[in-house]
Amino acid sequence: MCAGAVAFILALAVTAHDQISVEGAARALIGAILVGVMCWASAERTVASTAQAIDAAIERLSRAANGDLESEIPEEVHDCVPPLAEAMSGLFSQLHANLESVQRLAMFDPVTGLPNRTNFRRTSERMLAEMPPQQASVLYFIDLDRFKAVNDTMGHAMGDVLLGMVANRLRAVADRFTAEGELKTPLIGRLAGDEFTMFFPDMRNIRDAERIGRGILYALSEPFDLADQEVSIGASIGIALRPEHGTTLHDLMRAADAAMYAAKAQGRGRTQHFNDELAAEIAERAQLESDLREAVDKGEFALVFQPQLGAHNGEIVGAEALLRWRHPDGLKLPGSFIQRAEETGLIVEIGEWVVTSVAETIARWGRLGLEQRLAVNISPRQLDHAAFFRRLREAMLAAGAPAKLLELEITETLAMHCSDEVLEAIALLRTDGASVAIDDFGTGYSNLTRLRNFPVNRVKLDRSLVEHVADHAEARSIAQAVIGLVHGLGCEAVAEGIESEAQAAVLRVIGCDVLQGYAMAQPMAEDAFLAWVREPGRQRAAG
């Protein structure tokens, strides 16, 4: 309308010649209408094109929301709305870069640039699933031998640098053997910490497996130049073959892992193929785990009790609660199953049962008027968690068991490394009246300052210090020195593993306070223990 009005005025001005006529006005009006119609048509077309471009942009954004960041921006958006096209292009590029960064962080180890555990598993599982049934493959499980020492002495930053160097050497080994033979490029991964894997998907000559293993071993045994120092670490390598040792990644990893631990047990710095003996061990461990789970479900565990006697008067001053497994094949001692229980995490459930049983036993003995200390061993897995000690305290309170009759036995090495949180939890039990004993003293590495500050009441000499005191002067001197050290810390000295009266006699002379062992009494079930305590003439003393 504006364009038509302007056209009408200009037409009148040109044709009027100072006199406006009806005929001139009509001609001007016709021209104005034509101009207005043409302008309206042009504007309508521009609006329609813009609307169409916006619709195309909306559709493209919808596809991007569903993951399509690669397709081009529609041409009509570029033509009709260039700023919008430019903004969309920049947004998609940034999103694509961010997603690639997230993908790399999720699938690749940031320290070494190698595929991480998730990436390695997914990729190798896909390779294995696509292989012909009889195609030979080799999996190497590589564990660095002295990496922890580097972390402890040079710091974690230097440790990360060393891991990057290890990854580069593994890549170099892979490249060399791939170039020498008809081998496909292997998949290398870092699982965690100082554990690496290398998977050759197509090993046509199986004899190359040992040769490659030696190559990896040699590459990692050469010194590393780290912060102007030569650092030597070495590695232990487990080797598993497909299809001989399994066709799935789970089976191959389990076999290679077992072989690696066998290599470490044989002195480290070597390769070890998985074999029938290791297969039997894995089967035995799996069966033991299954039996342990069944034992937890069926309540097949029991406590037995071994008295602790005062060295100079023979009075009962306490007892140690010892765990037994009433296996269908016979009674089993902790040494045959505790390690596996800790590896599988079943020690937590077993520990819960022990906690409840000890609390109920102390409460039951209290009601019988039997007031003496009951010691219970704390496993490494339990000592890692302050929650265990809090649950023990709750169980004691729930059972109405006096805490003064509870003693916690912690090994020397574990006592040196437990956290401040655990110390606080133990301190709460000591506030209630519980006591603490250091077990197996003389076999670990004690920090005497920490031991002096540790809340300890008694120290138990390891049986290795007791074994030869009756027949070796050197053993007597060592035992006497240790007992003097214990007394210097303000603690009682307890000797365990005493198997003869001669040993007991020597320990009395050199100052030991409490005696425990088969020469005093064997571990007994609760009924037998209570009967033993009540024998005529048997004196009891409060703990």
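Fair warning: this is a prediction, and the values are worked out from it, not measured in the lab. These values consider heavy atoms only, across backbone and side chains, with no hydrogens, waters or symmetry-generated copies.
Put simply, the residue from Ile350, Asn377, Leu333, Val376 that forms a side chain to side chain contact (heavy atoms under 4.5 Å, CB included) with Leu323 is Ile350. Between Ser236 and the choices Asp145, Thr271, Asp143, the side-chain hydrogen bond (donor to acceptor under 3.5 Å, both in side chains) rule is met once, by Asp145.
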Q. Passes side chain to side chain contact (heavy atoms under 4.5 Å, CB included), Met203 versus Ile212? Steps please.
A. CA-CA 11 Å; Met203 187 73 66; Ile212 294 172; 3.6 Å; yes
Q: Could you walk me through whether Ile347 and Ile338 pass the side chain to side chain contact (heavy atoms under 4.5 Å, CB included) test, one step at a time?
A: CA-CA 7 Å; Ile347 191 65; Ile338 283 295; 3.9 Å; yes
Q: Output, in order, the C-alpha distance, side-chain angles, deciding distance and verdict of side chain to side chain contact (heavy atoms under 4.5 Å, CB included) for Leu144 and Val150.
A: CA-CA 11 Å; Leu144 305 182; Val150 176; over 6 Å; no
Q. Phe120 and Ile188: side chain to side chain contact (heavy atoms under 4.5 Å, CB included), yes or no, with the steps?
A. CA-CA 8 Å; Phe120 182 84; Ile188 308 172; over 6 Å; no
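A donor-acceptor contact shorter than 3.5 Å links the side chain of His327 to the backbone of Asp329. In this structure, the side chain of Arg121 does not engage the main chain of Ser124 through any donor-acceptor pair within 3.5 Å.
With rounding to the nearest 0.5 angstrom, the CG atom of Leu288 is 7.5 Å from the CD atom of Glu284. With rounding to the nearest 0.5 Å, the separation of CD1 in Ile282 from CZ in Arg254 is 5.0 Å. The distance from the CG atom of Leu163 to the CG atom of Asn168 is 11.0 Å, given to the nearest 0.5 Å. In this structure, CG on Asp439 lies 9.5 Å from CD on Glu407, to the nearest 0.5 angstrom. The distance from the CG atom of Leu128 to the CZ atom of Arg242 is 6.0 Å, given to the nearest 0.5 Å. Residue Gln272 holds its CD atom at 11.5 Å from CD1 of Ile237, rounded to the nearest 0.5 Å.
Other residues, nucleotides and ligands contribute more than 12 heavy atoms inside 6.0 Å of the CG atom of Asp152. Heavy atoms from other residues, nucleotides or ligands lying under 6.0 Å from CD of Gln135 number more than 12.
Put simply, the side chain of Leu114 reaches to within 4.5 Å of the side chain of Arg171, judged on heavy atoms. Within the 4.5 Å cutoff, side-chain heavy atoms of Leu331 are placed close to those of Arg326. Side chains of Asp291 and Phe337 form no contact here, defined as non-hydrogen atoms less than 4.5 Å apart. Contact check for Met131 versus Pro243: no side-chain heavy atoms found under the 4.5 Å cut-off. For the pair Ile142 and Thr197, the minimum side-chain heavy-atom distance is 4.5 Å or more. With a 4.5 Å cut-off on side-chain heavy atoms, Asp208 and Phe177 do not count as touching. The closest side-chain heavy-atom distance from Phe274 to Glu244 is not below 4.5 Å. Within the 4.5 Å cutoff, the side chain of Leu278 has heavy atoms near those of the Glu281 side chain.
Contact record, Ala174 with Pro186: CB-CG, 3.4 Å, taken as the closest heavy-atom pair. Counting all heavy atoms, side chain and backbone alike, Trp325 lies closest to Ala295 at NE1-CB, 3.3 Å. When every heavy atom of Ala209 is checked against every heavy atom of Val138, the shortest pair comes out as CB-CG2, 3.8 Å. In terms of heavy-atom proximity, Arg391 sits nearest to Val355 at O-CG1, 4.1 Å. Listed here is the closest heavy atom pair of His245 and Ala255: CB-CB, 4.2 Å. Between Val459 and Cys491, the closest heavy-atom pair is CG2-CB, 4.1 Å.
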Pairs of donor and acceptor atoms involving the side chains of residues 217-233, under 3.5 Å and at least two apart or interchain, shall be tabulated with distances.
unit_1: Ser221; atom_1: OG; unit_2: Leu217; atom_2: O; d: 3.3
unit_1: Ser221; atom_1: OG; unit_2: Tyr218; atom_2: O; d: 2.8

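Between Tyr140 and Phe200, the angle of the ring planes goes over 60°, which puts this pair in the perpendicular group of the 30/60° scheme.
When only modelled atom types and interatomic distance are considered, Thr123 and Asn119 share a side-chain donor-acceptor pair under 3.5 Å. Glu210 and His273 are linked by a side-chain donor-acceptor pair at a separation below 3.5 angstrom, with hydrogens and angles left out of the test.
Partners of Tyr261 under the side-chain contact (heavy atoms from CB on, under 4.5 Å) rule, at least two apart in sequence or in another chain, are Asp257. Shown here are the side-chain contact (heavy atoms from CB on, under 4.5 Å) partners of Pro523, two or more places apart in sequence or in another chain: Val304, Gln306, Leu322, Arg324, Tyr518.
Salt bridge Glu125/Arg122: absent, no basic N to carboxylate O contact under 4.0 Å. A salt bridge does not link Glu289 to Arg285: none of the charged nitrogens lies less than 4.0 Å from a carboxylate oxygen. Between Glu320 and Lys460 there is a salt bridge, with a side-chain nitrogen of the basic residue lying less than 4.0 Å from a carboxylate oxygen of the acidic one.
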